[in-house]
Amino acid sequence: MAQTYPTLLTATLFVSLLVVPPSAHAQVTFTPPAPPPTITGPVKDEPYVANKVMHMKRSMADGTITQNDAQIYEARDSSGRLLMEIQLTVPGGPSRPAKIFIFDNVVDPNNHTGLNWSSLTKTANLMHLSSPEMRALAAAGTTGKAPPTPVEIKPEMIGQREIHGLMTTGRRTQKSLPAGTIGNTTATDTEHEWWTDEDLHFVVLDTSRNPQHGEQTTELVDLKRVEPDPERFHPPAGYTLHEINSAPAPVKPGEPASSALDIANAPTLTHAEALLKLSSPDKNEKRIGAAVLVREAQASSSLSLKDDTAYSLARAGVGIPEAQQLSQQAVDGAEAEATLALPDSPSHEVFIRETELGRYWDTLGFIYLHQGQDTLAAQYLQGAWLLDPRAYYALHLGKVREHAGDNTAAVAIYREALEARGTQGLKDSLRERIEALSGTADVQPLDMPAIPLDSAVPASAGTALFDAIYTAASNTPEVVFVSGDSAFKPLAATLAASLAKSAPVSFALPDKGPETIVRRIQFVCKTADRATCQAQFLSAQLASETAQP
């Protein structure tokens, strides 16, 4: 199959950009700029180095308009390798400084590989994938909750114009996405326009309008027709390299069929082809797609791929036993990685690993929910929701509460989720569910519960951070002072006692695995009056922003 250069670039960009922390997405959400015009194979002997700036403008649900910029370094060497580096600054807040994240993506169309790395994770991913597989992996990203891929629309030619001394050709696509395609509750119109120097195969100006991502413009700042520094096409020293190859295992003919998925006799398909079959209304096609995906995940050491596959199967309602097995493997692996000595001050990476573990707990809980095992489902879904609140975790947990007949608890979770991370379409669905259960149309978000405090709180204004350390060996967490006003150090014992008896905010490991979980607590007293003091858990993602790299 001929590889198209822009497809490889766009896919590797999405894989890398999806590791931006969800808390950053709450402030800055963007899609990669347009790749060069669709051509087959590499563009050789046309090297360049360019700097671009991406302007992002987004209207939030509350009417707030956010505006941010990202810096882009783009280069192509004489062999045709293309590099794109995006530097994104996430604004700080009252309790956290601004942070800079850098994402690099290299595409080598000669070898059909994509390489990406990120300053956030200090890891690099080398992908040996065909074009359709790369698109599917890019859509799934790190969440395992991939939306259907919209149908490609042929661009409309819109003329020529001179931009920065370059004669460019304009193209435009306009799409109407049916409700539910990308989490949207109604049909959504999007528009994308880009202007390309045809001789250099270089995008000079790119503009997109999308109700989910807002308005985004990427424009050229300067361009030099020189050979780029070859060192920039490699990850920095010290980064961990992961190699990804999703080629399906060879078919073993002659294996007997069984009531389970016929994995041994599944045909050789690409990852994307298997996903398409999994989405088919035909049950046999569904099972074939599921079998290919399970075989691929079983042969892989990637916990994320196992989790993604398990969730996809559960969503499709096929191969549930195999999905449970893969999900359990992902959970076991992630829990083993979270087995830590009790640290004085956990690193940023500790909390990032916990965000992954929360995702895996959610998938396993979702599978138990699908099986009607609501008690087990509640254990894992509650753990995921409290560890790292996300709107779709709340949707799954709320369903368990509804099954138990506790609509009041379900509504409370749904209301809390309105302030959690999630798409606007998902939150609109949560509002509709709240209205159906409560009969109230005017739905207001509900704050996450605070940790109850007693009279032992010092009468002093200030802030502090504490860590609550949970292990399978004890139901009561150890609480240690991390940083802040030293007057609050004695509060550690008070918080431990409160957590031991506080049902609204209590956290428990969903199983007896080996993991040690560290929950970070933020304590704030606005004045010396105890009534103004509040202690709340930070999500694993927010906790990572308070920790050292």
Side-chain angles (χ1 to χ4, degrees), residues 142-145 297-298 301-311 313-314 320-343 346 350-390 392-401 403-404 409 413 467-479 496 499-520 537 539-541 543:
T142 59
T143 66
K145 284 68 179 177
Q298 287 176 341
S301 61
S302 169
L303 300 182
S304 182
L305 180 61
K306 293 178 187 294
D307 177 78
D308 291 350
T309 302
Y311 188 86
L313 265 60
I320 300 302
E322 289 86 354
Q324 182 178 340
Q325 181 186 51
L326 289 172
S327 179
Q328 189 66 62
Q329 290 173 359
V331 166
D332 290 345
E335 288 183 347
E337 290 178 357
T339 303
L340 307 169
L342 301 186
V350 167
F351 294 112
I352 291 297
R353 283 200 299 268
E354 290 184 0
T355 65
E356 286 295 290
L357 178 57
R359 179 164 67 93
Y360 299 161
W361 280 351
D362 172 75
T363 296
L364 188 54
F366 180 70
I367 291 171
Y368 281 131
L369 175 63
H370 191 283
Q371 294 173 319
Q373 300 186 53
D374 286 359
T375 300
L376 284 171
Q379 291 174 200
Y380 284 95
L381 295 174
Q382 179 81 0
W385 167 245
L386 292 177
L387 184 62
D388 192 36
R390 304 189 187 196
Y392 66 85
Y393 294 177
L395 183 63
H396 298 159
L397 180 57
K399 290 295 184 183
V400 175
R401 302 301 183 221
H403 289 175
I413 293 165
D467 281 339
I469 304 167
Y470 292 83
T471 66
S474 174
N475 293 326
T476 302
E478 176 187 358
V479 179
L499 292 174
K501 61 184 179 182
S502 174
V505 293
S506 61
F507 175 81
L509 301 180
D511 53 36
K512 296 301 180 182
E515 72 273 17
T516 297
I517 297 298
V518 182
R519 303 287 319 277
R520 183 144 289 182
F537 280 120
S539 69
Q541 187 59 58

S.K.: Rounded to the nearest 0.5 Å, how far apart are CG of L386 and CD1 of I517?
M.R.: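 If we round to the nearest 0.5 Å, L386:CG and I517:CD1 are 12.0 Å apart.
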S.K.: Which heavy atom in A384 sits nearest to a heavy atom in G358, and how many Å separate them?
M.R.: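 The answer is CB-O, 3.2 Å.
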S.K.: For K306, is there any backbone N or O sitting under 3.5 Å from a side-chain donor or acceptor partner on T309?
M.R.: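 Looks like no, no N/O pair under 3.5 Å.
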S.K.: Can you spot which of Q382, E335, E356 makes a side-chain hydrogen bond (donor to acceptor under 3.5 Å, both in side chains) with W361?
M.R.: E335
S.K.: Quick one: side chain to side chain donor-acceptor pair (under 3.5 Å) partners of Q379, sequence neighbours excluded?
M.R.: none
S.K.: Could you check if a side-chain atom of Q298 sits within less than 4.5 angstrom of a side-chain atom of Q325, using non-hydrogen atoms only?
M.R.: yes
S.K.: Using every non-hydrogen atom in the two residues, find where G333 and L303 come nearest and quote the distance to one decimal.
M.R.: C-CD1, 3.6 Å
S.K.: Taking side chain to side chain donor-acceptor pair (under 3.5 Å) as the definition, give me every residue that meets it alongside E322, ordered by chain and number, with sequence neighbours left out.
M.R.: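 Counting only residues at least two positions away or on another chain, E322 forms no side chain to side chain donor-acceptor pair (under 3.5 Å).
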S.K.: For Y368, which residues count as a side chain to side chain donor-acceptor pair (under 3.5 Å) partner, sequence neighbours excluded?
M.R.: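 Side chain to side chain donor-acceptor pair (under 3.5 Å) check on Y368 returns nothing, list empty.
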S.K.: Would you give the length of the straight line joining atom OG1 of T363 to atom CG of L313, rounded to the nearest 0.5 angstrom?
M.R.: 11.5 Å
S.K.: Which atom pair, heavy atoms only, marks the closest approach of R520 to A543?
M.R.: CB-CB, 3.8 Å
S.K.: State whether the side chain of Q324 and the backbone N or O of I367 hold a donor-acceptor pair below 3.5 Å, judged by distance alone.
M.R.: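 Side chain of Q324 to backbone of I367, a donor-acceptor pair under 3.5 Å: no, none is there.
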S.K.: Would you give the length of the straight line joining atom CD of Q371 to atom CZ of F366, rounded to the nearest 0.5 angstrom?
M.R.: 11.5 Å
S.K.: Identify the two heavy atoms, one from R390 and one from W385, that lie closest to each other, and give their separation to 0.1 Å.
M.R.: O-CZ3, 3.3 Å
S.K.: I'd like to check L381 versus D362 (side-chain heavy atoms, cut-off strictly below 4.5 Å). Are they in contact?
M.R.: yes
S.K.: Within the 4.5 Å heavy-atom criterion, are I352 and Q541 side-chain neighbours or not?
M.R.: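 Side chain of I352 against side chain of Q541, heavy atoms only: contact under 4.5 Å found.
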S.K.: Can a side-chain donor-acceptor contact be found between S304 and R359 if the only test is distance below 3.5 angstrom?
M.R.: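 Yes, a side-chain donor-acceptor pair sits under 3.5 Å.
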S.K.: What verdict does the side chain to side chain contact (heavy atoms under 4.5 Å, CB included) test give for L499 and F537, after you've listed the backbone C-alpha separation in whole Å, the side-chain angles of each residue and the deciding distance to 0.1 Å?
M.R.: CA-CA 11 Å; L499 292 174; F537 280 120; 3.6 Å; yes
S.K.: Tell me, do E354 and D388 make a side-chain contact under 4.5 Å, heavy atoms counted?
M.R.: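 Counting from C-beta outward, E354 and D388 never come under 4.5 Å.
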S.K.: Taking C-beta and beyond as the side chain, do L369 and D374 meet within less than 4.5 Å on heavy atoms?
M.R.: yes
S.K.: Taking all non-hydrogen atoms of both residues into account, name the closest pair between A377 and G365 and its distance.
M.R.: CB-O, 3.4 Å
S.K.: Classify the ring geometry of Y311 against H396: parallel below 30°, tilted from 30° to 60°, perpendicular beyond 60°.
M.R.: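 Judged by the thresholds at 30° and 60°, the geometry between Y311 and H396 is tilted.
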S.K.: Give, for atom CD of E478 and atom CG of D467, the distance between the pair rounded to the nearest 0.5 Å.
M.R.: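 Spacing of CD (E478) from CG (D467) equals 10.0 Å.
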S.K.: What are the two closest heavy atoms between A334 and Y360, and how far apart are they?
M.R.: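 A334 and Y360 have their closest heavy atoms at CB-CD1, 3.3 Å.
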